S.K.: 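I have a structure I would like to understand better, so I am pasting it below and will then ask my questions one at a time.
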Amino acid sequence: MHSELSKIWLSSPHMGGHEEKFVAKAFEENWIAPLGPNVNGFESDLENYLGQQKHVAVVSSGTAAIHLALVQLSVTHGDEVICQSFTFCGSANPIMYQGAIPIFVDSEPSTWNMCPRALETAILDRIAKGKTPKAIIPVHLYGMPYLVDEVAAVAEKYDIPIIEDAAESLGSTYKSQNCGTFGQFAALSFNGNKIITTSGGGALVCESKAAKDKAVFYSTQARDQAPHYQHSEIGFNYRMSNISAGIGRGQMLVLDEHVKLRRKMHQFYKNLFQNIEGVEVLTEPSEDFFSNHWLSAILVDPDQTSGVDREQIRLHLGTYNIESRPLWKPMHMQPVFKDMPYYGGKVAQELFKNGLCLPSGSNLTEDDRDRIKTAILKIFKK
Ligand SMILES: *Cc1c(COP(=O)(O)O)cnc(C)c1O
């Protein structure tokens, strides 16, 4: 055990140096509330960054953003919503908050994201069973854009709106268009481990000013226009704090730099594993895809590595105080979702079995990379 070595994290917060100025200004002006100049400023920063004339509402988390999208699409008790199975639970939990039923769909091997064929099979079968799904939630996992055109074609064919889970993909593009601008709604996350952070937070990307206003309305307890507190609908306390938004404004100044540094980590792993048989690094399938490489991930085939599997690598890195983590456990394999319908084969299941996320932070140093390299080479030299 090399416990004297400092811990190398999978992905840790990386401040750019300007965040505290925005937070200090909030203190000076006493905007210590879930509204104020940083909230408005962060929203317009995101709108300018994303382009496509989007309207953005910042909220308390990415999960809250997905929930608000479902509310606006009138998803309610007994409705069905299709969701990529290979994802973090934040994609799927809001379906349950609405009393709706998640219909899980497998991934395809080129991007590890929603398989358009399994998606169509799922839609046809749900329609045959009596219900047209109310929304589709595909995910750009680990920053890798899903097959945007193919998934959109299926969604359009059956006239089902897309809620794009872009929680991990701010700064990624597909055919030069930003992830987070493809769905009728999109969710971003600024949790502590994401490419930029506000300590915790998220955003709902909307197609119109009216949809954004509605998101703000629902995220501030659905208060009617009246001098007193009056409510005709159930709302949520989901608005982002002006303090968090100040951190977000500072982080926007370094977002592109963070993307560059995360991509540099990915290139480091490409080089490192180039000559190691049986290990594949998740990489863009074509020029159409540009990943922020939020997390660099590998797939290990023990048949080609003389038996070294992902769990051995994970435990071995742990003895060097280097954090790594299995890929997301698919939702259809989770105890809490075991009774929910699932469409597809074993792609997501195999990814979970053989995949590992490696340290990917934009704040990793040359020393950190050396330590990772030494540890990895050691296990493959045995
Ligand atoms: C982080 C994440 C979310 C949820 O975001 P929070 O801000 O943590 O609520 C949703 N989906 C995916 C794929 C995520 O990685």
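Since we're looking at a predicted model, the values are computed, not measured. Whatever order the structure lists ligands and atoms in, that order sets their numbers, starting from 1. For the numbers below, each heavy atom of this structure counts, side chains included, while hydrogens, waters and symmetry mates do not. In what follows, residues are counted from 1 in the order of the sequence shown.
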S.K.: Which atom names give the shortest non-hydrogen contact between Ser208 and His55, and what distance separates them?
M.R.: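 What the structure gives for the nearest pair is C-CD2, 3.5 Å.
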S.K.: If we count only N and O atoms by modelled type, under 3.5 Å, do the side chains of Ser296 and Arg262 hold a donor and an acceptor together?
M.R.: no
S.K.: Answer yes or no on whether Arg223 is positioned over the face of Tyr229, meaning its NZ or CZ is under 6.0 Å from the six-membered ring centre and within 45° of the axis.
M.R.: yes
S.K.: Looking at Arg126 and Glu120, is any side-chain nitrogen of the basic one under 4.0 Å from a carboxylate oxygen of the acidic one?
M.R.: no
S.K.: Check whether NZ of the Lys or CZ of the Arg Arg310 lies under 6.0 Å from the centre of the six-membered ring of Phe352 and within 45 degrees of that ring's axis.
M.R.: yes
S.K.: Output the set of protein residues with a heavy-atom contact under 4.0 Å to ligand 1, ordered first by chain identifier and then by residue number.
M.R.: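 For ligand 1, the residues that come within the 4.0 Å heavy-atom cutoff are Ser61, Gly62, Thr63, Thr87, Phe88, Gly90, Ser91, Val139, Asp165, Ala167, Glu168, Ser189, Asn191, Lys194, Gly201.
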S.K.: So is Arg263 actually on top of Phe290's ring, under 6.0 Å and inside 45° of the axis?
M.R.: yes
